[in-house]
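Down below is the structure, laid out as structure tokens.
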Amino acid sequence: MYSPEQQQTLTELTKKILSDAEYGIHQVPVQFAEQLRELIRFHEWRYYIMNDPLISDYEYDVLYKKLQETEQEHPDLIIADSPTQRISPDISTGQETVSHLTPMLSLANSYDLNDLIEFDNQIRKLAGIDPAKKIEYCVEPKYDGGSIAIVFENDSLIRAATRGDGQNGEDISNNILALKSVPRKVAFSDHNIVKAELRGEALIRKDQFEKINAEREEEGLSRFANPRNAATGGLRTKDPRETADRKIEVFVYQLGFAVDSNHNDVLQTIPTHDEGIELLGQLGFKIPVNERKVCHGIHEVEEFCQLWQKQRDSFDYEIDGMVIKVNDRKIQELCGYTSHHPRWAIAFKFQAKQATSRLEHVEFQVGKMGSVTPVAKVTPVSLAGVTVSSISLHNEEFIQSRDIRLGDMVLLERAGDVIPYIVKSLADVRKGDEVPIIFPENCPSCNTRLVRVEGEAAWRCINEKCHEKIIQRLIFHASKDAMDIEGLGESLIRKFYDLGWIKDMADIYTLDYEDISKLDGFGKKSAENLRKAIETAKKNPIHRFLHSLSIHHLGKKASKLLAGQIDNVMDLKEWPIERYLAIKDIGPKVAKNTRTFFTNSENVELLERIQSAGVNFLSTNEDKPTIGREDTLLSGKTILFTGTLSTMGRKEAEKLAENAGAKNLGAVSSNLNILVTGENAGSKLEKAKKLGTVEILTEQQFLELINN
Ligand code: IVH
């Protein structure tokens with residue numbers, strides 16, 4: 001949508017406007033407003049569509065406010081498609097678009113006590129409230145995820161959509177149905193509600209986010225910058241299982257619409273926002289609990305906001321502020337709405353967790369797959385309570401696209417517990433002695449010329465004898481994620497490698513503990529502890545062992561899938577590529593790399609040495625796929641799919657059922673336990689109904705069942 005040149009021009013203009021408070025004054029207003037509109041649209045596109053913002057939320061707000069001010073001063077400049085006249089940018093991804101029952105508005109922002117007092121006064125004016133009377137506000141977190149609207153009719157979830165442009169969003173029903181945190185059957189009818197629309201935010205817990213990124217790195221995929229991007233991306237995947245896999249959770253924060261069977265507004269009967277949320281909690285939704293408070297007067301509001309600003313890091317999810325809502329619905333009605341936001345609510349934005357520091361030098365680190373990662377060493381700086389001195393620059397493209405130079409002042413950001421990252425370099429404050437970062441042509445460890453594989457961002461050392469690469473593989477082999485050998489960490493591995501005691505993985509299992517106990521800092525006891533840890537690791541299930549081999553792209557998940565299909569690790573020596581590819585979710589890269597590994601004679605020799613050192617090569621109970629296991633939901637059940645499935649093919653569905661322990665049948669009979677019906681399910685459905693013993697599930701119910 002924007003060419004690289006356009007993006008560069010717009011980025012430069014943004015910098016100019018943000019750094020020069022006087023900038024707009026020298027401009028003809030009509031041109032300045034147009035520039036701001038163009039910039040806001042561009043940054044909204046980077047934020048919402050590309051999931052890769054170039055500026056902070058605060059900087060975006062500055063641009064937005066400047067446009068608002070310019071338009072207020074010159075109302076004739078307001079045009080219908082100005083960003084201030086609508087809610088947020090169009091999101092078009094080719095998914096079906098649906099209209100929200102009521103517009104999904106945005107929020108006005110505030111940053112300090114003065115803004116809050118002004119808001120409080122405004123409410124008094126709009127609703128005619130006596131200055132002496134304290135207004136009741138409900139304060140809750142401003143969740144930093146992806147906003148969604150969920151519609152229930154006759155107690156069933158019938159639709160879920162992203163926010164989109166506020167009027168229309170993208171239909172993501174299938175993905176939301178796959179989530180455990182959203183109930184699909186809800187007793188709204190007990191409260192006289194026939195149709196309701198809820199608003200909420202899809203989030204990923206901070207610790208889960210770290211897990212996702214670790215897995216992605218292993219699979220050679222790029223990391224998500226923050227939990228929000230991982231969540232919004234997850235909402236819009238084509239595969240509901242991917243959404244569920246990311247463990248997206250939905251918190252609801254607004255009952256936006258509720259009518260009874262005569263289309264009468266039921267919200268009228270729920271006098272306060274707080275009671276509305278409480279009701280949603282009772283009905284089974286995730287709601288803010290300790291993080292929500294009814295405050296009396298704006299000073300109590302400010303105290304609660306400050307408290308959460310201080311303790312936001314200890315919260316499991318990302319929040320970027322608090323939302324203050326007039327509690328009483330009648331007062332809300334008196335205040336009304338602008339086209340952009342309700343006048344009865346405001347967001348209190350926390351200070352951004354940003355800092356600036358100087359980029360002193362760049363270290364190039366070799367990874368276990370040989371990829372060379374540039375790591376920025378910055379002057380130590382405190383960033384949201386943590387001292388930061390080392391930050392990954394990921395790859396050459398990352399450096400170039402952000403024009404990061406040695407000696408630059410860089411803007412750092414840290415979202416929650418998430419690893420800090422460089423948002424941008426501050427080109428405006430360059431002194432002239434900053435120099436471009438030169439990426440090495442040769443491996444910093446073994447000096448072999450680096451290569452770049454097509455389609456990959458990383459430069460790699462392809463020398464299999466590269467010391468650093470070997471050491472990194474040994475470290476990974478013993479790590480928690482792989483063989484989990486307690487006590488055998490990086491420093492010990494480096495020591496043993498230097499001593500020549502561990503040259504490859506097999507050597508780990510034939511160490512001489514007598515020699516070890518004589519090492520400086522070691523004794524009989526610690527040598528014995530290490531022996532025990534290594535002996536325990538020998539008994540590991542084979543999926544751990546497969547993962548520990550550092551086969552490119554063979555991550556934890558694929559290792560488990562593979563382990564489930566073999567009796568002995570050595571079986572893989574005989575496997576043709578087709579057998580790998582026949583396993584669902586094993587892609588061509590994993591197939592090719594694993595096949596290459598197991599057909600290489602040096603590797604086979606290494607495996608034989610490891611096996612004779614006593615490492616378990618036989619499939620264990622833990623390696624077995626779920627089929628036939630006692631504890632799975634569908635184990636021992638028979639199942640049949642009929643009709644056209646909407647989210648997957650028939651074969652795929654059968655495989656899923658099989659993995660969950662079920663047996664697929666070809667026809668409806670008295671032996672059949674479950675019938676899953678897609679669109680146009682015909683005679684099989686009729687027959688099953690007649691039998692009366694068959695449990696009939698929709699595709700979504702089936703998906704939810706196996707995801708549970
Ligand atoms: S209320 C009519 N409450 O913030 C009510 N919004 O700028 C309008 N958000 O994208 C929204 N936490 O998804 C509300 N507790 C909360 C929220 C919240 C996060 C998001 C919302 C929207 C943005 C508004």
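Numbering of ligands and ligand atoms starts at 1, following listing order.
- Heavy atoms from both the backbone and the side chain of L107 come within less than 4.0 Å of ligand 1.
- Look at E170 and R236 and you find a salt bridge, because one of the NZ, NE, NH1 or NH2 atoms lies within 4.0 Å of a carboxylate O, short of that distance.
- The residue among Y253, W344, F251, Y337 with a heavy atom at the shortest distance from atom 21 (C) of ligand 1 is Y253.
- Legend: ring pair (Phe, Tyr, Trp, His ring centres under 6.0 Å) pairs involving residues 144-167, not counting sequence neighbours, sorted by first then second residue: F152-F188, F152-F285.
- Under 4.0 Å from ligand 1, heavy atoms of K142 appear from its side chain as well as its backbone.
- Around atom 15 (N) of ligand 1, the closest heavy atom drawn from G321, P141, A345 belongs to P141.
- The aromatic rings of W344 and Y337 sit perpendicular, their planes meeting at an angle over 60°, well past the 30° parallel limit.
- Ligand 1 has no N or O atom lying under 3.5 Å from any N or O atom of L105, backbone or side chain.
- Annotation: cation-pi geometry satisfied between R216 and F224 (NZ/CZ under 6.0 angstrom from ring centroid, within 45° of ring axis).
- For K247, the NZ atom is loosely surrounded, since the number of other residues' heavy atoms within 6.0 Å does not exceed 12.
- Residue contact annotation: P342 has a non-hydrogen atom under 4.0 Å from ligand 1.
- Between the side chains of D155 and S189, at least one donor N or O sits under 3.5 Å from an acceptor N or O.
- Under the 6.0 Å distance and 45° angle rule, R205 does not count as a cation-pi partner of F209.
- In summary, the atoms of ligand 1 found under 4.0 Å from a heavy atom of S147, numbered by their order in the structure, are 10 (O), 13 (O).
- Short contacts between ligand 1 and E140, defined as distances under 4.0 Å to a heavy atom of the residue, involve ligand atoms 3 (N), 15 (N), 16 (C).
- For a threshold of 3.5 Å applied to N or O pairs, the pair formed by Q254 and ligand 1 contains no separation below that value.
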Kindly list each side-chain donor-acceptor pair under 3.5 angstrom involving residues 301-311, sequence neighbours excluded, with atom names and distances?
{"residue": "E302", "atom": "OE2", "partner": "Q306", "partner atom": "NE2", "Å": "3.0"}
{"residue": "Q309", "atom": "OE1", "partner": "Q351", "partner atom": "N", "Å": "3.4"}

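- Taking every non-hydrogen atom of E201 and a distance limit under 4.0 Å, the qualifying atoms of ligand 1 come out as 9 (N), 13 (O), 19 (C), 20 (C), 21 (C).
- Not a single heavy atom of H341 sits under 4.0 Å from any atom of ligand 1.
- If you look at M104 next to ligand 1, there are no close heavy atoms at all, none under 4.0 Å.
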